[in-house]
A.B. asks: 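Got a structure for you, written out below as structure tokens; questions coming shortly.
All heavy atoms count here, side chains included; hydrogens, waters and symmetry mates do not.
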Amino acid sequence: MLVNSYDTETTGLRLHYGDRAFAYSICTRDGVTDVRRLDGGPVRRVRNLQRLRQLWDNRDFVPVMHNAKFDLTATEYALGRSLSARPFHDTILQAHILINHHPSHRLKQLAWELANVPVDDEKKVRQFCKDGGNYSMVPEELMQLYQERDAERTMLLHLFFMPKILARREWREIYAMEIDLVRTTMQMERRGMMLCRKACTKLIARLEARVDSVLDEIEAFAGERLNPDKPTHLFRLLFDYAGLPILARTKTKLPCTNKATLAQLREAHPHPAIEMLVKYRSWSRGITMLRSYMNLADGNDIIYPNIRTCGAITGRESSSNPNLQNVAKSEVLLNPYPVPARLAFRPRPGYVNFHLDYSGQEMRLLVHYSGEPVLIDALRKGEDVHGPGGRIFYVDSYDPTGPQRGAVKNCNFAISYGAGLTKVATVLGLSLAVAAPRYKLYKATFPRLVGLAPLVANTVRQLGYVETYFGRRLHVPRSKAYMGTNYLIQGTGAGITKRAQNRVRRYLNKATGGEAQILLPIHDEIVLEYPRKRLADARHVLRHIVELMEAFDLRVPLAVDVNVATADWEHKQVFDIGG
DNA sequence: TAGGCTGGCGCG
DNA sequence: AAAGCGCGCCAGCCTA
């Protein structure tokens, strides 16, 4: 076995937009480094590319990388072939698993902390690519040192972390799953998501017209042109011209003007200036987000997000450039002036998108961990888990088809994570006096659910961490022990969705020969694209996928809903898989 | 002029 | 004593 660290240097971070590797470096267990350039004169270029090819053709070569997804992708482009079948190690995953709460998992930072490897090389290199340049323009002698250091750092981290991973069965399993997830995620990133430029342009134009008119409206009211993004202008508008009171202040003692505060303000002092501001904020934000999507789409209108498999300290994933996990939807219930940004995303020609989401994943996990009998029962019978709570908080007036259900849902989460009476009352829209006895009754009816947060907080105070269903340890600051429940639920949910993705990727590759592929995970949801010409088999295939996704042995069943988007992301429809 | 911080907000 | 949490991105502001 040739376990060497491996690091690539590229012309930029956007590999699916044309950035390429121009050099690589390796380091043996004994600290012997080798640095090779893939650019320059044709002799050197061809010889070193040949060397790289030989390295990867060697079946004994097991590369160790820090953020393997990136180096593997760069290498796949350099070699022109897939590397999805080969074993590898990833020190960033090791670090995430072992020290989730660490402030930084960056290679240089960790190597500095572990072995005082100096970090001065990066600064020097960066100076050379200040105005739009990239690392390939840095003097080669300097890059040589930089690359040697990075290869050494990676090997150092591996030698330090890997024995710890191997020492515990749960960590071995989690690590193997995370390595597999890197392959799953590489496939998604390579595929990308299709933007509908036409819909996007149209939406932007519509929003721009609205923003213009609301700015005019503000000017007419205030008597001067204001920029609501500027705090000084904003305060003039609300507190001078409109004469509204300051209901709350931020931690820096400035007047607080966030959505919740504005909603309160609107309740007590309805004023057109509030509406103007809320409209402006929603629409102008919508424009900027939509423009950023346009800028990130390539010549074929495809957007390639960066999906970090360990983006969050809870083990959740994250998406950036762009963040496709927070694309606005037109949920009028919460936002009076929504931006239907999901209209701007569409399935690729010849495909439909399926959205598979765990229905009430978070609540089910809360019920699983609390063991609350009434709620376990409701879930096993397939009833709405928020029904019992709704009937307590709204008594006879509870309407599960209206906005009350959403409030109860929020409330169920908030209470489970340690919220008090005041929070509960505001969420429900009830006065303290009305909410108090119902809150009391809730606590008496669901003692185990209410008792979960303090229970978990106690273990955090004792151990300093919570342990998810899969044995992943999530360190929680002892000073914030109340956050333990949230980490436990979020981390377990992430573990479920991650494993589901691996299962689904395996199955889809086998069943459709890679014609159907996962595009994106959204915490409790998997988006996949499916070729229209295979739609005849879709029900069968999706039945199997749902089975794979639901196959976790909890105290309550998991349930996956299937929706299909044929025109755009906004217009999803229930897809009946029968069975 | 770059980089860090804050407030605000979208999603889960 | 009381407290839901996790992300990424933007505009504006302040500092080095």
Side-chain angles (χ1 to χ4, degrees), chain A residues 100-101 126-127 130-131 227-235 248-262 277-278 280-293 295-296 305-308 310-331 334-335 337-342 357-358 360-363 366 409-424 426-427 452-454 456-457 466 474 476-477 479-491 493-494 497 520-526 569:
Chain A
N100 70 295
H101 61 317
R126 286 224 169 153
Q127 291 215 313
K130 268 207 290 201
D131 352 89
N227 178 357
D229 287 326
K230 284 190 194 292
T232 51
H233 288 201
L234 172 62
F235 297 153
R249 289 187 180 270
T250 66
K251 67 176 176 187
T252 56
K253 306 293 177 217
L254 288 169
C256 176
T257 66
N258 66 21
K259 217 171 64 167
T261 310
L262 289 180
L277 176 61
V278 174
Y280 171 82
R281 283 206 177 141
S282 177
W283 293 336
S284 68
R285 181 183 188 278
I287 293 170
T288 16
M289 296 310 286
L290 287 162
R291 281 198 187 131
S292 84
Y293 300 146
N295 290 336
L296 285 164
N306 176 25
I307 301 167
R308 294 179 60 193
C310 284
I313 47 184
T314 55
R316 265 195 183 179
E317 302 182 81
S318 70
S319 161
S320 60
N321 298 79
N323 182 356
L324 290 183
Q325 291 178 328
N326 76 341
V327 180
K329 49 185 186 183
S330 56
E331 192 61 69
L334 259 130
N335 182 349
Y337 309 105
V339 174
R342 292 186 176 193
D357 69 294
Y358 284 103
Q361 191 197 59
E362 199 178 353
M363 194 61 206
L366 280 168
K409 187 175 157 184
N410 277 341
C411 218
N412 278 329
F413 293 139
I415 293 174
S416 306
Y417 295 137
L421 172 62
T422 45
K423 177 81 188 171
V424 169
T426 52
V427 167
L452 182 64
V456 177
V466 295
L474 300 173
V476 182
S479 59
K480 294 183 178 173
Y482 67 92
M483 294 189 342
T485 318
N486 187 264
Y487 276 50
L488 176 66
I489 302 300
Q490 217 182 87
T497 308
L520 182 74
I522 317 182
H523 310 306
D524 63 352
E525 174 181 347
I526 297 174
W569 191 355

A.B. asks: Heavy-atom distance under 4.5 Å between the side chains of A/L488 and A/L474, does that happen here?
C.D. replies: no
A.B. asks: Give A/G420 one of three labels, base, sugar-phosphate or nothing, depending on what nucleic acid heavy atoms sit under 4.0 Å from its own.
C.D. replies: sugar-phosphate
A.B. asks: When you measure from the side-chain N and O atoms of A/S282 to the phosphate of B/dC9, is any distance below 4.0 Å, counting only OP1 and OP2?
C.D. replies: no
A.B. asks: Please confirm whether the shortest side-chain N or O distance from A/K259 to OP1 or OP2 of B/dG7 is below 4.0 Å.
C.D. replies: no
A.B. asks: Once you round it to whole Å, what is the distance between C1' of B/dC9 and CG of A/D229?
C.D. replies: 12 Å
A.B. asks: Could you check whether A/R249 gets within reach of a base, just the sugar-phosphate, or nothing at all, counting any heavy atom under 4.0 Å?
C.D. replies: nothing
A.B. asks: Whole-Å distance between B/dG12 P and A/N326 CG?
C.D. replies: 9 Å
A.B. asks: Quick check on B/dC9: is either OP1 or OP2 less than 4.0 Å from any side-chain nitrogen or oxygen of A/R281?
C.D. replies: yes
A.B. asks: Take the protein atom CG of A/L234 and the nucleotide atom P of B/dT6, then report the distance between them rounded to whole Å.
C.D. replies: 19 Å
A.B. asks: If you look at every strand shown and take non-hydrogen atoms under 4.0 Å, does A/T422 touch a base, only sugar-phosphate, or nothing?
C.D. replies: sugar-phosphate
A.B. asks: Rounded to the nearest Å, what distance is computed from the CZ atom of residue A/R308 to the P atom of nucleotide B/dG12?
C.D. replies: 20 Å
A.B. asks: Do the side chains of A/N227 and A/L234 get nearer than 4.5 Å, heavy atoms only?
C.D. replies: no
A.B. asks: How about A/E317 and A/R308: do any of their side-chain heavy atoms sit closer than 4.5 Å?
C.D. replies: no
A.B. asks: How would you label the contact of A/V327 with the nucleic acid (heavy atoms, under 4.0 Å): base, sugar-phosphate, or nothing?
C.D. replies: sugar-phosphate
A.B. asks: Pick base, sugar-phosphate or nothing for A/N410, based on heavy-atom distances below 4.0 Å to the nucleic acid.
C.D. replies: nothing
A.B. asks: What integer distance in Å separates A/L520:CG from B/dG10:P?
C.D. replies: 19 Å
A.B. asks: Need one value for A/Y482: base, sugar-phosphate or nothing, where a base atom within 4.0 Å counts as base even if backbone is also close, heavy atoms only.
C.D. replies: base
A.B. asks: When the distance from CG of A/N323 to P of B/dG8 is rounded to whole Å, what number comes out?
C.D. replies: 21 Å
A.B. asks: Would you say the side-chain atoms of A/D229 and A/Y280 include a donor-acceptor pair closer than 3.5 Å?
C.D. replies: yes
A.B. asks: So A/K480, base contact, sugar-phosphate only, or nothing? Heavy-atom distance under 4.0 Å.
C.D. replies: nothing
A.B. asks: What is the nucleic acid contact for A/E362, judged by heavy atoms within less than 4.0 Å: base, sugar-phosphate only, or nothing?
C.D. replies: base
A.B. asks: Heavy atoms under 4.0 Å, any strand shown: does A/L324 hit a base, just sugar-phosphate, or nothing?
C.D. replies: nothing
A.B. asks: Any side-chain heavy atom of A/N486 within less than 4.5 Å of one from A/F413?
C.D. replies: no
A.B. asks: Nearest heavy atom decides the nucleotide; on that basis, is A/S319 or A/T288 closer to the 5' end of DNA chain C?
C.D. replies: A/S319
A.B. asks: Nearest-Å distance, CG (A/L254) to C1' (B/dG8)?
C.D. replies: 13 Å
A.B. asks: With pairs defined as Watson-Crick or G-U wobble and both distances under 3.5 angstrom, please note down DNA chain C as a dot-bracket string, | for pairing with another strand.
C.D. replies: ....||||||||||||
A.B. asks: Report yes if the side chains of A/N306 and A/S319 come closer than 4.5 Å at any heavy-atom pair, otherwise no.
C.D. replies: no
A.B. asks: Just to be sure I understand the rule, does A/T257 reach a base, reach only the sugar-phosphate, or reach nothing, if contact means heavy atoms closer than 4.0 Å?
C.D. replies: sugar-phosphate
A.B. asks: When you compare the side chains of A/T261 and A/N258, does any donor N or O come within less than 3.5 Å of an acceptor on the partner?
C.D. replies: yes
A.B. asks: Give me the first and last nucleotide of DNA chain C, going 5' to 3', that has any atom under 4.0 Å from a heavy atom of chain A.
C.D. replies: C/dA3 to C/dC13
A.B. asks: Mind calculating the distance between CG (A/N258) and P (B/dG10) to the nearest angstrom?
C.D. replies: 11 Å
A.B. asks: Is the shortest side-chain heavy-atom distance between A/V456 and A/Y487 below 4.5 Å?
C.D. replies: no
A.B. asks: With a 4.5 Å limit on heavy-atom distance, are the side chains of A/R249 and A/P255 in contact?
C.D. replies: yes
A.B. asks: Rounded to the nearest 0.5 Å, what separation is found between the CH2 atom of A/W283 and the CG atom of A/L290?
C.D. replies: 14.0 Å
A.B. asks: Just by distance, with hydrogens left out, do A/E525 and A/T497 show a side-chain donor and acceptor under 3.5 Å apart?
C.D. replies: no
